[in-house]
Chemist: 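Structure below; questions to follow.
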Amino acid sequence: IDGLGSLPAVAVAHPSATALIYLHGAHVAEWCPTGQLPVLWMSALSRYSTADPLRGGIPLCFPWFGKNATDATLPNHGWARLAEWTLISAESGADAAELTFELTEQSVGVPDGTAPMRLLYVVTVGAELTADLQVINTADRDLTFEEAFHTYVTVGEITATTIGGFENLPYLDRAATPEATGVSAQRVLFGGEHLERIYPMPALIDVDDAAQSRVITVVAPASAQSVIWNPGSVKAADIADFGDDEFTSMVCVEAANVLDGAITLAPGASNHMTTTLAVR
Ligand code: TA6
């Protein structure tokens, strides 16, 4: 179908859930299990243009996370979320629909990091949502990259939301200047400030969305790190495609292989990173 901004998208209508996935960035923008409130958050100010990443849903960060280490003019979080992916298969089973998207080197429009590679992205839409990114090194040399699912979930009120799964674990505090380290003595709480933490552990997260009386779980067994991010009022005001008050209704719970968790593939080798979202 033609999504917003006439960007091509795949609309999934399965008895167990609905979803909307843009070919731009193979970007899962919407997922709603039947009988539940929508789970993914999208900014009302998101751009729907091939020049920009969508703001919300599940942005694919690849082949680097954040700023490019060598060229600051390159797009934040890499080029996979800016590329036009191809839907190569769509199947519907009793419990879920399964869609496979592909991106190969010749379809990548953004410079740097375009060593020959093939990305296969399988999204399973059902009562749970699973995303599986497979990277295949089709080059004749080692390929090193970072990758992350930058997942935005929607919550009723961020200050009434807590995140469990990191109790007594250390984190890198990226909201501190300079960056600092900390330990989460308890569940992660939000007070409207900029919160950005990288925990060196696979995501086994529960988001207690008390305002909407539900718990969203995010599991990512093959991720080296978990990133929690809320821009808070100050940082949100600096982000053009992020409404000033929108930070109160979202939190990013990201599965990542970044920093010392970056992946290196030998020629012909491949890896999978998956994340599974569920609501109860
Ligand atoms: O995951 C947190 C983060 O790295 C923040 O630093 C912030 O930049 C956020 O991602 C959003 O990045 P984006 O390029 O999508 O605006």
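As the structure lists them, so they are numbered: ligands from 1, and atoms in each ligand from 1. Excluded from the calculations below are hydrogen atoms, water molecules and symmetry mates; all remaining heavy atoms, backbone and side chain alike, are included. Residue indices begin at 1 and follow the sequence shown. Computed from a prediction, not measured in an experiment: that's the story for all the values here.
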Chemist: Are the ring centres of F190 and F247 closer than 6.0 Å?
Modeler: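 That pair fails the under 6.0 Å test.
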Chemist: Hey, would you say the W85 and F101 ring centroids sit under 6.0 Å apart?
Modeler: no
Chemist: Nearest protein heavy atom to atom 16 (O) of ligand 1, by residue and atom, and its distance?
Modeler: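 Going by distance alone, atom 16 (O) of ligand 1 is nearest to R55 NH2, 2.8 Å.
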Chemist: Around atom 12 (O) of ligand 1, find the nearest protein heavy atom and jot down its residue, atom name and distance.
Modeler: H77 NE2, 3.3 Å
Chemist: At the 4.0 Å heavy-atom cut-off, does F65 count as touching ligand 1?
Modeler: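 The answer is yes: ligand 1 sits under 4.0 Å from a heavy atom of F65.
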Chemist: Compute the ring centroids of W79 and F62, then answer whether they are less than 6.0 Å apart.
Modeler: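 Yes, the ring of W79 comes within the 6.0 Å limit of the ring of F62, centre to centre.
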Chemist: Check whether the side chains of R55 and S46 place a donor and an acceptor atom closer than 3.5 Å, and report yes or no.
Modeler: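 No - no donor-acceptor pair under 3.5 Å links their side chains.
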Chemist: I need the atoms of ligand 1 closer than 4.0 Å to a non-hydrogen atom of E254, numbered in the order shown.
Modeler: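 Per the distance check, 1 (O), 2 (C).
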Chemist: So which heavy atom in the protein is nearest atom 9 (C) of ligand 1, and how far is it from that ligand atom?
Modeler: H150 NE2, 3.6 Å
Chemist: Quick one: name the residues clustered hydrophobically with L259, using the 4.5 Å side-chain heavy-atom rule over I, L, V, M, F, W, Y, and just say none if it's on its own.
Modeler: F65, L172, I198, V227, V258
Chemist: Which protein non-hydrogen atom lies closest to atom 8 (O) of ligand 1, naming both residue and atom, and how far is it?
Modeler: N76 ND2, 3.7 Å
Chemist: Report the part of E196 in contact with ligand 1, treating N, CA, C, O as backbone and CB onward as side chain, heavy atoms under 4.0 Å; options are side chain, backbone, both, neither.
Modeler: side chain
Chemist: Going by ring-ring contact (aromatic ring centres under 6.0 Å, His included), name the residues that satisfy it together with F166, two or more places apart in sequence or in a different chain.
Modeler: Y199
Chemist: Can you tell me if R81 has a non-hydrogen atom under 4.0 Å from ligand 1?
Modeler: yes
